[in-house]
Amino acid sequence: MRFDGRFAPSPTGPLHLGSLRTALVAWLFARWRGAAFRLRVEDLDPQRSRTALEREQLSDLAALRLDWDGPVMRQSQRLGAYDAALARLRAQDRVYECFCTRAEIREAASAPHGDLPEGAYPGTCRALSESERRRRIADGQTFALRVRAGAERIAFVDELLGPRSGIVDDFVVRRTDGIHAYQLAVVVDDAAQRIGEVVRGADLADSTPRQILLARLLGLPVPVYAHVALVLGPDGARLAKRHGAPALAHRGEDPERVLARLAHSLGLARDRASIATPGELLAEFAPERLPAQAVTIH
Ligand code: GLU
């Protein structure tokens with residue numbers, strides 16, 4: 001079994017300390033296992049993605065000396081692979097057109113629906129007849145594509161969070177604007193990059209059952225998962241772009257100091273002395289040493 005790892009930022013904002021910390025943990029996991037570390041730019045959404053931000057993100061990672069193997073994968077160049085995956089789902093009758101508007105979805109999702117979690121899509125368009133579907137398409141109604149998930153409960157054992165499970169609703173695999181959904185792209189790409197271990201922020205733990213289901217339907221290997229506890233801002237809320245984090249490159253901070261702060265927050269460095277390279281942390285690294293709770297970085 002190989003445990004190649006990856007970091008997959010969206011170039012929609014600078015990498016704040018929380019993202020850099022996740023990148024460091026992902027790098028440590030991969031290198032500690034003697035595995036490759038891949039990089040993927042999740043620039044699926046052309047409206048929100050910026051090449052300048054991508055450049056800054058890569059340069060921040062390089063400044064921290066988080067090195068990666070092989071070429072950077074860009075999702076904007078992989079639309080054919082996502083279409084092929086959709087065709088495969090369609091051949092199994094596992095996708096359907098959803099004509100619901102946002103308001104209709106909100107309204108439908110607010111009512112309880114059997115086992116489905118709150119906010120789940122209840123499957124309004126799942127049972128549309130073939131003729132109704134054709135009529136709406138011929139009328140020019142726009143539609144998203146959803147996967148027919150069958151309200152299955154999917155369980156997995158997270159390496160950091162322990163056993164988790166979730167019931168999967170009929171989630172979107174291609175958006176109304178024609179853009180492939182993150183949930184689809186991430187599964188196709190992790191398989192294409194032969195990722196054995198997905199290390200990422202704990203905010204994505206709840207997406208994992210969906211991704212495992214998709215991997216199974218597509219006949220792709222399911223990686224193991226390690227979701228890293230988040231970083232909180234001074235207001236106790238999850239660190240986000242609104243906490244105003246300019247790219248490292250513009251912060252005028254010494255990357256070695258930043259690395260030391262991140263290492264300290266991970267319980268991997270006893271003092272704040274600067275750490276020159278992430279490799280210096282490998283001797284101290286062990287997944288069970290990572291803090292299980294969200295932390296505030298000082
Ligand atoms: N692109 C996602 C983000 O920046 C991460 C996706 C993943 O790691 O699966 O939040």
Side-chain angles (χ1 to χ4, degrees), residues 3-30 35-51 53-58 60-61 66 68 72-79 81-82 85 154 156 158-161 164 166 168 171-173 175 179-215 218 220-231 237-243 245 247-248 294:
F3 285 98
D4 288 357
R6 46 71 154 183
F7 183 59
S10 308
T12 54
L15 295 174
H16 54 62
L17 272 184
S19 326
L20 292 173
R21 183 171 176 270
T22 301
L24 172 60
V25 177
W27 185 95
L28 286 167
F29 260 98
F37 184 62
R38 314 269 177 215
L39 207 62
R40 181 166 74 236
V41 173
E42 301 215 319
D43 56 353
L44 268 181
D45 189 335
Q47 302 279 358
R48 299 182 57 222
S49 303
R50 299 277 175 274
T51 317
L53 286 169
E54 175 194 320
R55 259 197 313 273
E56 276 179 15
Q57 292 184 337
L58 299 195
D60 281 1
L61 296 174
L66 299 173
W68 57 88
V72 175
M73 178 178 273
R74 283 186 184 74
Q75 292 193 323
S76 55
Q77 291 166 13
R78 298 200 21 89
L79 307 188
Y82 310 142
I154 304 264
F156 67 103
D158 189 282
E159 290 176 287
L160 297 173
L161 304 178
R164 305 277 292 213
V168 181
F171 59 94
V172 170
V173 282
R175 301 177 351 191
I179 294 178
H180 300 96
Y182 153 72
Q183 306 287 358
L184 177 79
V186 74
V187 169
V188 171
D189 291 343
D190 280 337
Q193 291 189 296
R194 299 183 188 281
I195 303 305
E197 183 171 54
V198 168
V199 179
R200 60 185 176 188
D203 53 328
L204 288 166
D206 289 345
S207 285
T208 305
R210 292 173 160 184
Q211 295 170 14
I212 293 174
L213 176 82
L214 266 188
L218 292 168
L220 301 173
V222 176
V224 293
Y225 292 91
H227 287 95
V228 184
L230 295 174
V231 173
R238 174 183 146 208
L239 208 63
K241 283 166 200 147
R242 71 189 159 76
H243 287 98
L248 208 53

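Read the numbers this way: they start at 1 and go in the same order the structure lists the ligands and their atoms. Keep in mind that this is a model prediction, so the values were computed, not measured.
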Do [X] and [Y] have side-chain N/O donor and acceptor atoms under 3.5 Å apart?
| X | Y | result |
| --- | --- | --- |
| Asp45 | Tyr182 | no |
| Ser49 | Glu54 | no |
| Asp4 | Gln193 | no |

Less than 3.5 Å apart, N/O on ligand 1 and N/O on the protein: could you list those pairs with the distances?
from	atom 1	to	atom 2	distance (Å)
ligand 1	1 (N)	Ala8	O	2.7
ligand 1	1 (N)	Ser10	OG	2.9
ligand 1	1 (N)	Glu42	OE1	2.6
ligand 1	4 (O)	Ser10	N	3.4
ligand 1	4 (O)	Ser10	OG	3.3
ligand 1	8 (O)	Arg6	NH1	2.6
ligand 1	9 (O)	Arg6	NH2	2.9
ligand 1	9 (O)	Tyr182	OH	2.8
ligand 1	9 (O)	Arg200	NH1	2.9

Heavy-atom distance under 4.5 Å between the side chains of Leu15 and Leu61, does that happen here?
yes

Closest approach of Thr12 to Arg48 (non-hydrogen atoms, all atoms of both residues):
CG2-O, 3.3 Å

Which atom names give the shortest non-hydrogen contact between Ala229 and Ala202, and what distance separates them?
CA-CB, 4.2 Å

